[in-house]
Amino acid sequence: MTLLPASFYQHNDVVRIARELLGKHIIVHAEGYSTGAIIVETEAYKGPEDKACHAYNNKYTERTKTMFLPGGYTYVYLCYGIHRLFNVVTGDEGCPHAVLIRAVEPIKGIEIMQTRRGFSAVKPALTAGPGRWTQAMGIDLHHNSILCYEHNSPITIKDAHVKINKSSILASPRVGINYAEEWIDVPWRFRLATSNWTSK
DNA sequence: CACGGGATCGTCT
DNA sequence: GACGATCCCGTGT
């Protein structure tokens, strides 16, 4: 496996990156444990024009400033006061694009994932859902604004060099953005049809 | 299985 | 002071 390079993230086609992240591996070191998983579901967010994006209209705040960093940085934020949602920033510096990772398939450290989630069984609910997999892998707000293409980073994304057929990628509208008007139905949610580990 | 509401807190107005 | 890129559990069928 090889680290995805900066050039993977630092261009302006966030939708392509959202598709290309499917099948890649994410590795997290947290609380003294290492966990690894395959990315099976993503969503693209394309500020400034995308009304579903936190950085719509170049909105720049203490929270959203992370999205203006160069591609390859993490963007982690708290949702509904409870869940931590994880994105990878894409595009060049100043271009607020990001890909939300919504579901993963566990590969390594499954036992600690079960412990963190309170699951005795291994089943899709362990990591299928944007707030679920981050809990399973120990991601919290301290993981905001860190680079994921450096070897010593606590969060890295790697290429397992597995070919993903275009026909195995399902595209559908994004979830939970009913305020986003003409952007509601844009099919920028991507899932691997071959995986049982995607969200409902 | 579908639906509805409560949890819980950082962020922005 | 209101509200979320969600989840979980309880209820009813």
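Note on naming: letters A, B, ... go to the chains in the order of the sequence lines (proteins, then strands), and numbering restarts at 1 for each one.
Per the geometry, OH belonging to Y56(A) stands 23 Å off P belonging to dT11(B), to the nearest Å. For M67(A) and dT11(B), the CE to C1' distance is 15 Å, given to the nearest whole Å. As a whole-Å value, the separation of K59(A) NZ from dT11(B) P is 12 Å. Taking atom CD1 on I139(A) and atom P on dT6(C), their separation rounds to 16 Å, with Å as the unit. Here dA5(C) presents its P atom at 23 Å from NZ of K200(A), a figure rounded to the nearest Å. Residue R102(A) contributes atom CZ, which lies 11 Å from atom C1' of dC7(C) at whole-angstrom precision. One can place CD of E43(A) at 12 Å from C1' of dT6(C), the figure rounded to the nearest angstrom. The distance from atom CZ of F119(A) to atom P of dC7(C) is 11 Å, rounded to the nearest whole Å.
Annotation: cation-pi pair R132(A)/F119(A) absent, no NZ/CZ under 6.0 Å from the ring centroid and within 45° of its normal.
The phosphate of dG10(B) has neither OP1 nor OP2 within less than 4.0 Å of any side-chain N or O from R84(A).
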Next item on the list: Between protein and nucleotides 2-9 of chain B, map the contacts as a letter string: B base, S sugar-phosphate only, - none, heavy atoms under 4.0 Å, written 5' to 3'.
Entry: -----BBB
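Within 4.0 Å (heavy atoms only), R63(A) reaches sugar-phosphate atoms of the nucleic acid but no base atom. Using a 4.0 Å heavy-atom cutoff across all strands shown, I177(A) reaches sugar-phosphate atoms only and no base atom. Residue R189(A) is classed as having no contact, given no heavy-atom separation below 4.0 Å to the nucleic acid.
The two residues I139(A) and R84(A) come nearest to each other via the heavy atoms O-CD, 3.8 Å. Between G129(A) and A103(A), the shortest heavy-atom distance links the atoms N-CB, 4.0 Å. Annotation for R116(A) and Q135(A): closest pair O-NE2, 3.1 Å, computed over non-hydrogen atoms. Residues A136(A) and T127(A) come closest through the heavy atom pair CB-CG2, 3.9 Å. Of all the heavy atoms in V104(A) and M137(A), the pair that sits closest is CG2-SD, 4.3 Å.
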Next item on the list: Report the C-alpha separation of Q10(A) and T90(A) in whole Å, then their side-chain angles, then the decisive distance to 0.1 Å, and conclude whether the side-chain hydrogen bond (donor to acceptor under 3.5 Å, both in side chains) test is met.
Entry: CA-CA 6 Å; Q10(A) 294 175 359; T90(A) 72; over 6 Å; no
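H143(A) and T134(A) share no donor-acceptor pair across their side chains, judged by distance under 3.5 Å alone. Y45(A) and E43(A) share a side-chain donor-acceptor pair at under 3.5 Å.
Nearest to the side-chain atoms of V175(A) among the listed nucleotides dC8(C), dA5(C), dT6(C) stands dT6(C). Listed candidates were dA5(C), dC8(C), dC7(C). Nearest to the side chain of Y45(A) is dA5(C).
Counting only Watson-Crick and G-U wobble pairs whose two distances sit under 3.5 Å, DNA chain C takes part in these stems of three or more pairs: B:1-7 with C:6-12, B:9-12 with C:1-4.
Side chain of R117(A) to backbone of L126(A): a donor-acceptor contact under 3.5 angstrom is found.
A 4.5 Å side-chain heavy-atom check between Q114(A) and V122(A) finds at least one atom pair inside the cut-off. You'll find the side chain of L21(A) reaches within 4.5 Å of the side chain of V99(A), heavy atoms only.
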Quick test: give all pairs of protein nitrogen or oxygen and nucleotides 11-13 of chain C nitrogen or oxygen below 3.5 Å, distance rounded to 0.1 Å.
none

